[in-house]
Amino acid sequence: MTVRVRIAPSPTGDPHVGTAYIGLLNYAFAKKHGGKFILRIEDTDQTRCTPESAQAIYDSLRWLGLQYDEGPDVGGAYGPYVQSDRVKAGIYQRYADQLVNQGDAYYCFCTSRELDSMKARQRANNEPIMYDRRHRGIDMAEAKTRAANGEPYVIRMKTPIEGEFVYKDRLRKQATAKAWKEIDDQVLLKSDGWPTYHLAAVVDDHLMGITHVIRAEEWLNSLPKHIWLNEHLGFTAPEYVHVGLLRNADKSKISKRKNPTSLKWYQSQGYLSEALLNFLALLGHSHPDGIEKFSLDEMCRFFDLDRVNVAGPVFDMTKLRHMQGQYFRELSPERMRAEVHKSIDQRFNDLLPLFKERMAFGGDFVWQSEPFYADAVTHHADDLVPKGLEKAQSKMLLENTQAAIKRYIAGDNAVWDVPSLEALIRKLLEDRSAELPDATPEQQAQAKLWSPKNLFMLLRVAVTGKKESPPLFDTMVMIGQAKVIERLGLAQQKLR
RNA sequence: GCUCCCAUCGUCUAGAGGCCUAGGACACCAGAUUUUCAUUCUGGCGACACGAGUUCGAAUCUCGUUGGGAGUACCA
C-alpha cells in the first residue's frame with residue numbers, strides 16, 4: 001500500500017503556522033515511506049474563504065519547501081483538489097443522497113432561531129448542548145415534498161443512539177471510548193447545498209486514496225462522526241492520528257493575539273524557512289540521537305510517527321530566534337548578502353514615499369531618514385520647549401501623551417497605523433483642551449497648552465530629534481511603537 | 001455545564017520497571033575569549049503535579065485527586 005497523506009487547510013486569512021506544523025509532519029511521514037503528500041483546499045464556507053488566501057497557502061508551503069505531489073496548482077490524478085470545484089461537480093450531494101436513501105441521514109427543517117432557543121434551554125438546564133433530533137423520525141415523502149416546495153433544509157447524519165464508539169489512536173495508550181448518544185446528529189449538507197467539513201473531508205479522503213489522516217487534536221472529538229461516515233458510505237477508513245495542538249505561552253491553542261501565526265509574517269520578517277521548519281520539527285518530535293539541528297531531508301529519514309508527542313507544545317519564539325541565528329550565520333556570503341539586501345530594500349521602500357516631496361538630491365534621504373534607522377536619537381533641550389512654554393509644561397505634555405499611547409497599545413485590537421494614531425492624538429487634544437464649565441483659571445491655562453501647534457512640534461522633536469520631518473503620524477508609525485515610547489521617555493529625561 | 005484528551009526543569013524534549021543521585025537544547029546566572037557587542041567555549045541554577053496501589057525495585061504499570069487543553073456551529 002502506498003502511503004498517501006494530505007493537509008487540508010481552509011483558505012481564510014493568512015496561511016497559518018499550524019498548517020506548516022501539520023504539513024511538516026505529513027510531509028515527513030510521506031517521504032519516509034515513499035508516499036505522496038497532497039494538498040487539498042477546503043473552501044466550503046463560502047462566507048469566509050477567498051482565492052487570495054488559497055494562493056497564499058501555495059506560496060507559503062513552497063517557501064517552506066513543503067512541496068506537495070498533488071494539489072490545486074500542480075494537478076494530479078485525483079483532482080480537482082479544491083472543494084468548491086468538487087461541490088460544483090455534485091460529488092458531495094451524491095453521497096449525502098446515498099445516506100438519506102439508506103436511511104442513515106435525514107432532512108431537518110429547523111431554523112437557526114429554533115436551534116438557538118434549543119441551545120439556550122440546554123445551557124440553562126446544564127444539559128449537553130446538542131441537536132435534540134426532533135426531525136429524526138420525519139416522514140421521507142413529506143420531507144421531500146417540503147424540500148421541493150422550497151423550504152430550506154439541511155441533511156443530518158443519523159448517529160446511533162445506543163452503544164459506544166471505541167477507537168485506538170496509535171499515539172495514545174488508551175483507546176478512546178465515547179457513548180454514541182452523546183454524539184450530535186451532525187449537519188452534513190448545509191441549506192445552501194454545500195457540504196460541511198465532516199462530509200467533505202471524509203468523502204475526499206476516500207476518493208483521493210488517503211491512507212493516513214494526521215491532523216491536530218482539535219479533531220479528536222469529531223472522530224466518531226468521521227469513522228461512522230466511512231462505515232456507512234462503504235469506505236475503508238484511513239488511519240486517523242491526532243497530534244497535539246501548538247500552544248501559546250499560557251497553553252491555550254495558538255492564536256494570533258498571542259503569537260505571530262501568519263507564515264507570511266515570518267517570511268517578511270526575514271525568518272529562514274529552514275530555521276522555521278527545524279524549529280517546528282523539534283515540537284512534539286525529536287531525533288532519536290538527540291540531534292537538534294537537521295535539514296528537512298534528514299528529518300524525512302529519521303521521522304517516526306510513533307515517536308510524536310500528543311501533549312501540545314508551547315510555541316517558543318525565543319528558541320525559534322536562536323535557531324534562526326544558527327542558520328543565518330551559516331549562510332553562504334551570497335545568500336547572506338541577499339538576505340541583508342532584502343531587509344534594507346524593504347525598509348527603504350517603506351520609507352522613501354515619506355521623503356519624496358522634501359528631497360532635491362538623493363543624498364537628502366541619507367540625513368533626513370537618519371532618525372528612522374538610528375537606534376536612539378539625541379535631543380536638544382531647547383528644541384523640546386516650544387515658544388511660550390515652560391520646561392515643566394513640555395514635560396507634562398510628553399508624559400501625558402506617552403501614557404496615552406501606552407494605554408492604547410495595551411488595549412485589544414490596537415492598530416499602529418496613521419489613521420488610528422491621528423485619531424488617538426486628536427482625541428487626546430480634544431479631551432485635554434476642553435473648557436470645563438467650573439474650571440479654575442489654572443485649569444483653563446493648562447487646557448490651552450493642549451494645542452496642535454504645541455503638541456505636534458513637541459512630539460516631532462521628541463520622536464526624531466529634529467524640528468523638521470515627514471508628517472508626524474507617518475513618522476511615528478514608521479519609527480515603531482517601541483521606539484516612539486522610548487524616545488518620548490528620553491525626551492522627558494532631557495527636560496528634568 | 002457536558003464530553004474527550006493530556007501531564008518530566010520557565011520552555012522544547014530524552015526516558016518503553018533497575019543503566020536516573022533523571023540526559024540534552026533554549027532561556028537565565030557566572031566565568032573565559034572578544035577594544036565593545038554578537039558569536040564561541042566552560043561552569044551553574046533548574047523538573048518526574050499530588051496521593052494510593054502493583055513490584056525486591058516505578059519518571060516509567062494501575063487507580064484516584066489536582067491542574068491544563070480541546071470540542072460542544074448550517075466554521076473548518
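- Among the heavy atoms of the strands, none lies under 4.0 Å from A:Gly325.
- Mapping A:Asp316 and A:Asp45 onto RNA chain B by nearest heavy atom places A:Asp316 closer to the 5' end of the strand.
- The base of B:rA27 has none of its N or O atoms less than 3.5 Å from a complementary donor or acceptor on the side chain of A:Lys319.
- Within the 4.0 angstrom heavy-atom criterion, no nucleotide atom of any strand lies near A:Trp194.
- Among the nucleotides B:rA76, B:rC75, B:rC5, the one closest to the side chain of A:Glu42 is B:rA76.
- Among the heavy atoms of the strands lying under 4.0 Å from A:Asn126 are primed sugar atoms or P, OP1, OP2 only; no base atom is included.
- Using a 4.5 Å heavy-atom threshold, the side chains of A:Leu39 and A:Tyr58 count as touching.
- Phosphate proximity of B:rC75 to A:Lys190: present, with a side-chain N or O under 4.0 Å from OP1 or OP2.
- Contact annotation for A:Leu245: backbone-only contact, meaning every heavy-atom pair under 4.0 Å involves sugar-phosphate atoms and none involves a base.
- At the heavy-atom level, A:Glu127 lies under 4.0 Å from base atoms of the strands shown.
- Using N1 to N3 plus N6-O4 or O6-N4 for Watson-Crick, or N1-O2 and O6-N3 for G-U wobble, each under 3.5 Å, B:rA49 pairs with B:rU65.
- No engagement by A:Arg321 is indicated, since no non-hydrogen atom pair under 4.0 Å with the nucleic acid exists.
- Contact check for A:Leu24 versus A:Met299: side-chain heavy atoms found under the 4.5 Å cut-off.
- Nucleic acid contact class of A:Thr44 (heavy atoms, under 4.0 Å, all strands): sugar-phosphate only.
- Within 4.0 Å (heavy atoms only), A:Ala177 reaches sugar-phosphate atoms of the nucleic acid but no base atom.
- In this entry B:rG1 has B:rU72 as its Watson-Crick or G-U wobble partner, both defining distances falling under 3.5 Å.
- A:Lys483 forms no cation-pi arrangement with A:Phe372, by the criterion of a distance under 6.0 Å to the ring centre and an angle within 45° of the ring axis.
- Summarising the base pairing, B:rA58 is matched to no nucleotide, lacking a Watson-Crick or G-U wobble pair whose two defining distances lie under 3.5 Å.
- Residue-to-nucleotide contacts include a donor-acceptor pair under 3.5 Å from the side chain of A:Glu292 to the base of B:rG24.
- For RNA chain B, the residues of residues 296-310 of chain A within the heavy-atom distance limit of 4.0 Å (strictly under) are A:Arg307, A:Asn309, A:Val310, sorted by number.
- Ring geometry, A:Tyr107 versus A:Tyr153: the interplanar angle falls under 30°, so the pair is classed parallel (tilted spans 30 to 60°).
- The phosphate of B:rU11 (OP1 or OP2) has a side-chain N or O of A:Lys251 nearer than 4.0 angstrom.
- Taking a 4.0 Å limit (strictly below) on heavy-atom distances, residues 262-277 of chain A does not reach RNA chain B anywhere.
- Across all strands, A:Cys110 comes closer than 4.0 Å to base atoms (heavy-atom distances).
- Within the nucleic acid shown, A:Arg329 comes within 4.0 Å of sugar-phosphate atoms alone, with no base atom in reach, counting heavy atoms only.
- Figure legend: A:Arg6 and A:Tyr78 shown without cation-pi pairing, the cationic atom not lying both under 6.0 angstrom from the six-membered ring centre and within 45 degrees of its axis.
- Remark: A:Lys406 NZ is loosely packed, at most 12 non-hydrogen atoms of other residues, nucleotides or ligands lying under 6.0 Å away.
- Using a 4.0 Å heavy-atom distance criterion, A:Thr47 is classed as making no nucleic acid contact.
- Using atom C1' as the reference point in both B:rA58 and B:rU62, the two lie 12 Å apart (nearest Å).
- Judged purely by distance below 3.5 Å, without hydrogens or angles, the side chains of A:Gln93 and A:Asp97 pair a donor atom with an acceptor atom.
- Between A:His135 and A:Asp185 there is no side-chain heavy-atom pair separated by less than 4.5 Å.
- Phosphate proximity of B:rA14 to A:Ser286: present, with a side-chain N or O under 4.0 Å from OP1 or OP2.
- Across all strands shown, A:Ser191 has heavy atoms under 4.0 Å from base atoms, whether or not it also approaches the sugar-phosphate.
- When the nearest nucleotides of RNA chain B are assigned to A:Phe279 and A:Ser112 by heavy-atom distance, the more 5′-ward of the two goes with A:Phe279.
- A side-chain donor-acceptor contact under 3.5 Å links A:Tyr68 and A:Arg62.
- At the phosphate of B:rG71, OP1 or OP2 sits under 4.0 Å from a side-chain N or O atom of A:Lys253.
- Shown here, B:rC19 forms no base pair; nothing in the strands shown gives a Watson-Crick or G-U wobble contact with both key distances under 3.5 Å.
- You'll find the ring centres of A:Tyr95 and A:Phe235 inside the 6.0 Å limit.
- A sub-4.0 Å separation between OP1 or OP2 of B:rU11 and a side-chain N or O of A:Thr318 is absent.
- A sub-4.0 Å separation between OP1 or OP2 of B:rU40 and a side-chain N or O of A:Gln326 is present.
- Of the nucleotides present, B:rA30 is the one that pairs with B:rU42 by Watson-Crick or G-U wobble criteria, both distances under 3.5 Å.
- The side chain of A:His322 has B:rA27 as its nearest neighbour among B:rC4, B:rG1, B:rA27.
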